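The structure under discussion appears below in the form of structure tokens.
Note that the structure is a prediction, hence the values are computed from the model and not measured.
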Amino acid sequence: MTSEQITNTGSVMANHGSIQTPAQTQLRQNGSSNGGPSERKRDLRWRPAMLHPASLRVLLPWLTSIIGIASALCLVIAWFPSTVWNTPIVSSDAPAHYYFIRRLLDEGLGAALHLWPHNSFYPPLFHVCAYFVIKIAALFGVQCSIYAAFNITWIIASGVIFPSGMLVLCRYFLQRWNRGNPIPRISQASSTPESSSVSESSNVSNQQVSSAVNRQYNATFDATFVLQNLIGLFVPVLAVSSVCHPYGLLNAGPLIAFGFATSLLPFLIAATLRLFDAIAAREHIVKWLVITAVAGVVCLVAHPRIAFTYALILVPFIVLRLPWKLILGAFIAMCVGAVAFVALMLTSFKSDRWANPASWFHSHQPSKNLWESISFCFTDGLDGFPAILFALLLIAGTVAAFVCAFRRAAVRSSDSLSAAVSTVAPAFSADADALVSDAAVSLVSASDLPTASCSDAADVSLSAPSEPSRPRRNDRLRDVIALTAAFLLVTLVYVCTVTLVGALPNIISSPWYRDENRIMTMLPLVALPLLVIGVNALSECVSVCAASASFVPSASSFSAKNSASSVPSLSSASAVSSVKNVSFASNWIGPIAAFLVIAILAVSAQIVCPSRTAARDAIIAHSSLNQSNPNEQLTEQKITVLRKVMERTGTQATIISDPLNGSMYAETLFNASMLYPIINARTDVPSVPFGKVETAFASGDGQQVLGTVCPLTDAPEYFLTMGDQAQSLQSFPYRAQYDSFHNEELIDAYVDGGTLVKVADYSQYGQGWALYRFGCAD
């Protein structure tokens, strides 16, 4: 029977997979024109099916995001040490951050531009946020201490801002990876001379198979969509699972300002990549330029040194995704920034070692061997089984991503292959995958049925829509190369910092002060997006293998009824069943496997986490007042002495003491006016009293001491001794500048000469502890 006879005797229509006769078509048309009950029932039946996917598509990303971020916040809160809500973290940088918040409270937001004791600039964003926490709490009648505001700000930054930013960044790469993945709907084959020899039964069977594949289009799209959200559900959890960030910086220093900037950085990176997309598309450039500029200013206000992390991660993307003129401009800007940074360092820090980079960071000691440092990067700082699983997923996923990306690039750039597929299978788009093409249209014999392998894991059931013959920029390949390059650059900097020594490692790691804790924060920013892309690619590999395995038994359903024709036909029932099996396998097996492996990784990372536990224990130890060494920064005895001192001096009098003995904490504990409220008040800055007081006190000349100290304020001036410098602060490079403040012979000489007058003795708490008043005429 020819195709014209088929047209005259009956019409084959693919409407939701059903084949309708002319009588059925006429009945449906009559029901539609009359608005009969059958049509109304059909509308009531289909409307929920049409509305539900749209609602799900809007709600599911929000639902998974809220659940993921809420889970991350709960993990951060559960980890946070409870001992630091009422007492400070006793560490090198902590007093400065507490002092900055105190200064904002005393002087208002105008102090944000000169937070240092010598009135120079320090990045104020974290401290401004803590200031607002205190002010907002006061509006509700709640008195929030500086320590509580500090902790709340850190928890919000670490448990909400950072996982949210990582989710935005990872979803950006997922959307680009899965852009155009769903199978295009299969168009009906037009009547051609080649198809006129096909039998009626073969034509009907092929129409049924085509309709079956079309019905799976939405299922395929939903599988990709659900996979994005399932992975996105666990990204916030994985973002706060590693000791790299945010936990490490709270223990190291704490490096609060840099950690706050790191938590904001994923938003800036995502905005910059969106700007690159806008430049490539030549649309919305101004919009994304403004968004990127605002995000950049916010990050710089949090901590300017975050610019080095930003530049290191963005370099591969700049090279691979921008026009050459913009690439040149970006690198010129980086060179200008590097020159400005060098000039700042040369003018701010006086040293005779600048010309010899090998002597920089001379006190630095390697902390890991080469294998340990590399494995730390590939495991994202996780421990035990989660570390092994993370490394395996990262490596296997990266390989799979390259395979998928290269195969997609090969398919899109092969015009001859597209033409051949269009000639042999006109019912399919040129970009349709070979496996689905063979299954659905059955244009090859059963003996020649192809079987997909995992190495061909690019586009089975997740293929891009048909493209023109002109090759298109391959976003997958560019993203995989850029992410891999960024990860390797971060690994190089980390290895140079913790393992290698010499001039070159010093130069490479100098923007981060050759500090392991700062460089560790970069690892999640590159490892997590690469892991997410890799798991997505592995999902495609699993789908390909599952589809291939499920299709092999259906080969027996192929028949060769029309021996005169070289085109065999497919038994309709067997064909539709085969396509359904292949579609289910290719759509859902991969996402289910991806969900399981990511869930196992996320859950196990919360069970096996000795590094995070060690960081928490270290913070608890730092905030404890029960110290074995009585000369540590804060002990119960020192808290008692500082309280007694404040009862005698009040909050207006200036108190001079060696800050390395813990006296600086009186600034935030009791609102004292300490001349040295932080351990590094900077004596090399002109027009400040710190260096002058130190020089005068070390001179042994009582008149010089009084002439320098007495004009500081109109209120009385006191001198406090509380023993030697704390052992935990011996790494401070400028500690020798305070040596005269605990020189007992020099202090006794000033007492004998009347320069100092003892007003309180605290020797019952520690040898030589006492409070003195300077003998000013006030």
Side-chain angles (χ1 to χ4, degrees), residues 86-88 90 95 98-99 101-103 105-107 117 143 145-147 625 627 630-679 681 689-690 693-694 696-697 702 705-726 738 740-778:
N86 297 313
T87 58
V90 182
Y98 297 139
Y99 165 75
I101 300 172
R102 167 61 67 188
R103 189 164 186 181
L105 292 173
D106 292 341
E107 302 178 21
Q143 184 177 2
S145 68
I146 291 176
Y147 309 119
L625 299 179
Q627 301 289 338
N631 288 325
E632 261 307 328
Q633 295 181 63
L634 273 188
T635 62
E636 292 182 354
Q637 291 79 10
K638 288 188 175 182
I639 292 290
T640 301
V641 168
L642 291 176
R643 182 180 291 108
K644 289 180 177 292
V645 168
M646 289 308 302
E647 291 174 354
R648 176 175 288 272
T649 64
T651 59
Q652 300 302 316
T654 300
I655 302 174
I656 298 173
S657 184
D658 182 353
L660 273 67
N661 64 17
S663 59
M664 55 189 170
Y665 286 97
E667 181 86 27
T668 51
L669 281 171
F670 306 109
N671 199 22
S673 178
M674 306 299 300
L675 181 63
Y676 297 94
I678 62 177
I679 65 173
F690 309 108
V693 170
E694 292 167 14
F697 201 91
V705 171
L706 295 179
T708 304
V709 172
C710 294
L712 290 176
T713 63
D714 295 333
E717 289 85 8
Y718 291 87
F719 180 76
L720 174 66
T721 59
M722 285 200 309
D724 296 331
Q725 296 176 343
Y738 302 117
S740 61
F741 290 154
H742 53 261
N743 187 328
E744 294 183 4
E745 294 181 359
L746 184 61
I747 294 172
D748 291 340
Y750 285 138
V751 171
D752 294 338
T755 303
L756 294 176
V757 178
K758 182 182 290 187
V759 296
D761 185 273
Y762 305 118
S763 57
Q764 69 269 32
Y765 301 103
Q767 183 180 358
W769 294 14
L771 177 66
Y772 303 87
R773 181 172 177 173
F774 285 93
C776 302
D778 51 6

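For Gln764, the CD atom sits in a packed shell: over 12 heavy atoms of surrounding residues, nucleotides or ligands are nearer than 6.0 Å. A 6.0 Å sphere centred on CD of Glu107 holds more than 12 heavy atoms belonging to other residues, nucleotides or ligands. Around atom CG of Asn86, no more than 12 heavy atoms belonging to other residues, nucleotides or ligands sit under 6.0 Å away.
Thr635 and Tyr765 share no donor-acceptor pair across their side chains, judged by distance under 3.5 Å alone.
Minimum heavy-atom separation, Cys776 to Glu717: SG-OE1, 3.8 Å. Listed here is the closest heavy atom pair of Pro88 and Tyr147: CB-CE2, 3.5 Å. For the residue pair Ala681 and Phe690, the shortest heavy atom distance occurs at O-CD1, 3.6 Å. Between Met664 and Pro95, the shortest heavy-atom contact is CE-CG, 3.5 Å. Contact detail for Ala666 and Met674: the closest heavy-atom pair is CB-SD, 4.0 Å.
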Next on the checklist: Working note: Tyr99 + Ile146, criterion side chain to side chain contact (heavy atoms under 4.5 Å, CB included); need CA distance, chi angles, decisive distance, verdict.
Outcome noted: CA-CA 9 Å; Tyr99 165 75; Ile146 291 176; over 6 Å; no

Next on the checklist: Applying side chain to side chain contact (heavy atoms under 4.5 Å, CB included) to Val709 and Leu675, what does each step give before you reach the verdict?
Outcome noted: CA-CA 10 Å; Val709 172; Leu675 181 63; over 6 Å; no

Checklist entry - After noting the C-alpha distance and the side-chain angles of Phe697 and Phe719, does the key distance pass the ring-ring contact (aromatic ring centres under 6.0 Å, His included) rule? => result CA-CA 11 Å; Phe697 201 91; Phe719 180 76; 4.9 Å; yes

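In this structure, CD on Glu647 lies 9.0 Å from CZ on Phe670, to the nearest 0.5 angstrom. Atoms CD and CD, from Gln637 and Gln627 in turn, are 10.5 Å apart once rounded to the nearest 0.5 Å. Atom CG of Asn671 and atom CE of Met646 lie 7.0 Å apart (nearest 0.5 Å). Here the OH atom belonging to Tyr750 is positioned 7.0 Å from the OG1 atom belonging to Thr755, to the nearest 0.5 angstrom. Residue Trp769 holds its CH2 atom at 5.5 Å from NZ of Lys638, rounded to the nearest 0.5 Å. The distance from atom CD of Glu694 to atom OG1 of Thr708, rounded to the nearest 0.5 Å, is 11.5 Å.
Gln633 contributes no side-chain N or O that, together with a main-chain N or O of Ala726, makes up a donor-acceptor pair within less than 3.5 Å. With hydrogens and angles ignored, the 3.5 Å screen pairs a side-chain donor or acceptor of Thr721 with a backbone N or O of Gly768.
Between Tyr98 and Tyr665, the ring-plane angle classifies as tilted under the 30° and 60° cut-offs. Between Tyr738 and Tyr676, the angle of the ring planes goes over 60°, which puts this pair in the perpendicular group of the 30/60° scheme.
Residues meeting the side chain to side chain contact (heavy atoms under 4.5 Å, CB included) test with Val759, sequence neighbours left out: Arg648, Tyr718, Leu771, Arg773. The salt bridge (Lys or Arg N to Asp or Glu O under 4.0 Å) test applied to Asp761 returns Lys758, not counting sequence neighbours.
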Side-chain polar contacts of residues 649-660 - donor-acceptor pairs under 3.5 angstrom, sequence neighbours left out - could you list them?
| unit_1 | atom_1 | unit_2 | atom_2 | d |
| --- | --- | --- | --- | --- |
| Thr649 | OG1 | Val645 | O | 3.1 |
| Thr654 | OG1 | Thr713 | OG1 | 3.4 |
| Ser657 | OG | Asn661 | ND2 | 3.3 |
| Ser657 | OG | Ser663 | OG | 3.3 |
| Ser657 | OG | Leu720 | O | 2.7 |
| Asp658 | OD1 | Leu660 | N | 3.0 |
| Asp658 | OD2 | Gln725 | NE2 | 3.2 |
| Asp658 | OD2 | His742 | ND1 | 2.9 |

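In this structure, the side chains of Ile678 and Glu667 stay at 4.5 Å or more apart for every pair of heavy atoms.
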